[in-house]
Structure formats: C-alpha cells, structure tokens
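Only one structure is covered here, and it is reproduced in the block below.
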Amino acid sequence: MKTALLLSGGMDSLAIAWWKRPDVAITLDYGQKAAEAEKRASTAVCAQLGIEHHIVHIDCSSLGSGDMANAAPDAAAPASDWWPYRNQMLLTFAAMKCIGLGVKKLLIGTVRSDGSHIDGTPEFVQLMDQLLSMQEGGLRVEAPAIELSTAELIQQSGLPADMLAWAHSCHKANTPCWNCRGCNKYRETYDEVSASMA
C-alpha cells in the first residue's frame with residue numbers, strides 16, 4: 001500500500017518521516033508566513049531519507065487569520081495561531097495530490113497536545129478518515145503519534161539531533177521569532193529531548 005506523509009517541516013512531521021519512512025511526502029505552501037522555511041526543512045529530511053517529495057502551491061492567504069497569516073485573529077479564534085478549518089483544508093489538498101500519485105494511506109503529524117484544537121482530536125481524524133475513504137480513491141488517514149507527546153514521538157522515531165535542528169516550528173516567519181506557540185513548543189521539546197539525543 002503506497003503511503004504518503006503530510007510533511008510540514010515541523011518537529012512532529014519530521015519525526016514521523018524518520019519513523020515511518022513513507023513512500024511520498026507532500027508539503028503544502030498555502031500562503032502561510034513560514035512557508036519557505038517549512039519547505040527547506042521538508043526537503044532536507046526527504047533528501048536524507050530518499051523520500052519522493054512533492055511541494056504543492058495554493059495561495060489561501062486571503063482566507064487565513066492570526067499568526068500564520070500575519071493578520072488579526074478571527075473573532076472565533078481560540079488562539080492567536082488559529083487558521084479557520086486549517087487541518088481540514090490541508091488534508092483535502094494533500095488528498096487531492098494523493099489520488100494522482102496512487103497513494104492509499106495518508107499519515108499526518110497530529111500529536112496528543114494538538115487535542116487542544118478540535119481539528120487535532122482523535123474524533124476529527126476519525127471523521128476525516130471516514131470522509132476521504134468513502135470518496136474516489138478510498139484514501140485512508142492515520143495519525144500514528146496522536147497518543148504521544150512530541151518528545152515521546154521524537155524518542156520513538158529515533159530522529160537524530162542534526163535532523164531535529166532542521167525542524168521549523170515558528171508560526172510567524174521563516175526565521176524563528178521565539179515568541180509564538182510554535183517556537184515555545186520547539187524550545188521546550190528540544191530541552192526535554194536533548195539530553196537523550198547526546
């Protein structure tokens with residue numbers, strides 16, 4: 001069964017690439033402010049592992065809100081980095097690419113802490129899996145690390161420190177701002193796992 005990974009270039013998806021070694025990786029540039037750094041990180045891990053890499057460009061920046069779009073948060077936003085229906089959008093675009101590649105399983109980098117948003121819960125992943133599997137192509141969606149913290153995922157995957165250094169988690173820019181939830185998560189996780197990676 002041909003497998004793809006939705007590869008953002010963040011710690012979680014890089015670790016899943018290292019752990020699961022998918023046939024294909026799909027990186028989406030949808031108009032987010034950190035797109036260039038995310039593409040560099042994704043390209044680096046794919047080159048290291050010999051994974052077929054596809055970068056898809058779709059400009060949705062006019063629909064974004066908050067940190068990732070460099071815009072004021074929408075009134076419905078539960079956090080400053082919320083982009084309306086972002087994970088649903090990303091899964092849909094990745095699925096559109098998968099069908100042309102003959103992919104039957106799409107892995108996503110959702111981890112336990114993502115459950116703070118509805119689109120990071122096991123229920124959301126299950127519903128998206130059901131929705132996509134009933135459509136043409138019969139694509140299945142899996143989140144292999146949904147029960148793990150990011151630190152646990154990195155340890156489980158065996159991701160080496162030099163590859164973790166490629167990860168880009170900043171929500172605001174192509175250079176880490178060290179002042180957003182993504183950068184804070186990166187720093188906290190790196191501190192937690194660095195001793196075991198030495």
Side-chain angles (χ1 to χ4, degrees), residues 5-19 25-48 53-74 77-91 93-94 107-117 119-120 143 145-146 148-155 157 159-194 197:
L5 169 65
L6 180 52
L7 181 60
S8 71
M11 291 183 291
D12 302 323
S13 64
L14 285 186
I16 289 175
W18 198 268
W19 179 26
I26 299 167
T27 301
L28 300 174
D29 177 349
Y30 53 95
Q32 72 274 34
K33 289 301 172 184
E36 293 305 316
E38 291 178 9
K39 289 184 286 187
R40 282 195 300 271
S42 298
T43 299
V45 74
C46 287
Q48 181 75 21
H53 189 208
H54 298 268
I55 298 174
V56 179
H57 302 270
I58 305 141
D59 188 359
C60 298
S61 57
S62 65
L63 302 173
S65 79
D67 295 344
M68 293 182 186
N70 195 26
D74 186 273
S80 66
D81 56 359
W82 184 77
W83 182 303
Y85 306 106
R86 176 176 169 267
N87 286 354
Q88 184 175 336
M89 173 189 74
L90 298 177
L91 277 166
F93 288 145
L107 305 177
I108 58 173
T110 304
V111 294
R112 188 169 60 229
S113 63
D114 293 328
S116 62
H117 295 292
D119 64 2
I146 200 163
L148 303 175
S149 70
T150 296
E152 290 166 346
L153 168 58
I154 290 168
Q155 290 161 347
S157 71
L159 184 72
D162 62 337
M163 192 53 60
L164 179 60
W166 272 103
H168 187 78
S169 299
C170 184
H171 295 155
K172 296 181 176 181
N174 290 308
T175 303
C177 71
W178 301 117
N179 188 32
C180 69
R181 290 201 324 162
C183 285
N184 291 340
K185 175 182 172 177
Y186 182 93
R187 184 169 30 220
E188 290 164 9
T189 302
Y190 193 87
D191 289 347
E192 187 175 348
V193 302
S194 59
M197 299 177 83

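Reckoned from all heavy atoms, side chains included, excluding hydrogens, waters and symmetry mates.
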From NZ (Lys33) to SG (Cys170), nearest 0.5 Å: 12.5 Å
Is there side-chain contact between Leu90 and Ile108, with heavy atoms separated by less than 4.5 Å? no
Any donor-acceptor pair under 3.5 Å linking the side chain of Thr43 with the backbone of Arg40? no
Tyr190 atom OH, over 12 foreign heavy atoms within 6.0 Å: no
Between the main-chain N or O of Leu7 and the side-chain N or O of Thr27, is there a donor-acceptor pair closer than 3.5 Å? yes
Which atom pair, heavy atoms only, marks the closest approach of Leu153 to Ala15? CG-CB, 3.7 Å
Is Ser13 reaching over with its side chain to a backbone N or O of Gly109, donor-acceptor style, under 3.5 angstrom? no
Of all residues at least two apart in sequence or in a different chain, which pass the salt bridge (charged side-chain N to carboxylate O under 4.0 Å, His left out) check with Lys39? Asp29, Glu36
Within the structure provided, determine whether Asp119 and Asp114 are in side-chain contact (heavy-atom separation under 4.5 Å). no
Could you pull out all residues at least two apart from Phe93 that satisfy side-chain contact (heavy atoms from CB on, under 4.5 Å)? Leu28, Ile58, Cys60, Met89, Met96
Under the side chain to side chain donor-acceptor pair (under 3.5 Å) rule, collect the residues that match up with Asp59, sequence neighbours excluded. Ser61
Looking at every heavy atom in both Leu6 and Ala94, which two are closest together, and how far apart are they? CD1-CB, 4.0 Å
Does one side chain, of Asn184 or Arg181, offer a donor that lies under 3.5 Å from an acceptor on the other? no
With sequence neighbours left out, what residues match Thr189 under side chain to side chain donor-acceptor pair (under 3.5 Å)? none
Mind checking the NE2-SG spacing from His171 to Cys180? Nearest 0.5 Å is all I need. 5.5 Å
So CZ of Arg86 and CG of Leu91: to nearest 0.5 Å the spacing works out to 10.0 Å
Applying side chain to side chain donor-acceptor pair (under 3.5 Å) to Asn174 and not counting sequence neighbours gives none
Which value, rounded to the nearest 0.5 Å, describes the distance between Ile16 atom CD1 and Ile154 atom CD1? 10.5 Å
Using side-chain heavy atoms (C-beta onward) and a distance below 4.5 Å, is Ser149 in contact with Ser113? no
At what distance, to the nearest 0.5 angstrom, does CH2 of Trp19 lie from CG of Leu107? 9.5 Å
State which residues pass salt bridge (charged side-chain N to carboxylate O under 4.0 Å, His left out) with Arg112; sequence neighbours excluded, sorted by chain then number. Glu152
Applying side chain to side chain donor-acceptor pair (under 3.5 Å), name anything that partners Thr150, two or more places apart in sequence or on another chain. Asp12, Lys185
Donor-acceptor contact below 3.5 Å, side chain Ser42 vs main chain Gly9: yes
For Gln48, what residues pass the side-chain contact (heavy atoms from CB on, under 4.5 Å) criterion, not counting sequence neighbours? Trp18, Met163
Considering all heavy atoms, the nearest Ser169-Gly10 contact: OG-CA, 4.3 Å
Would the number of heavy atoms belonging to other residues, nucleotides or ligands and lying under 6.0 Å from CH2 of Trp166 be above 12? no
Measuring only between side-chain heavy atoms, which start at C-beta, is His168 closer than 4.5 Å to Pro176? yes
Nearest-0.5 Å distance that lies between atom OH in Tyr186 and atom CG in Asp191: 10.0 Å
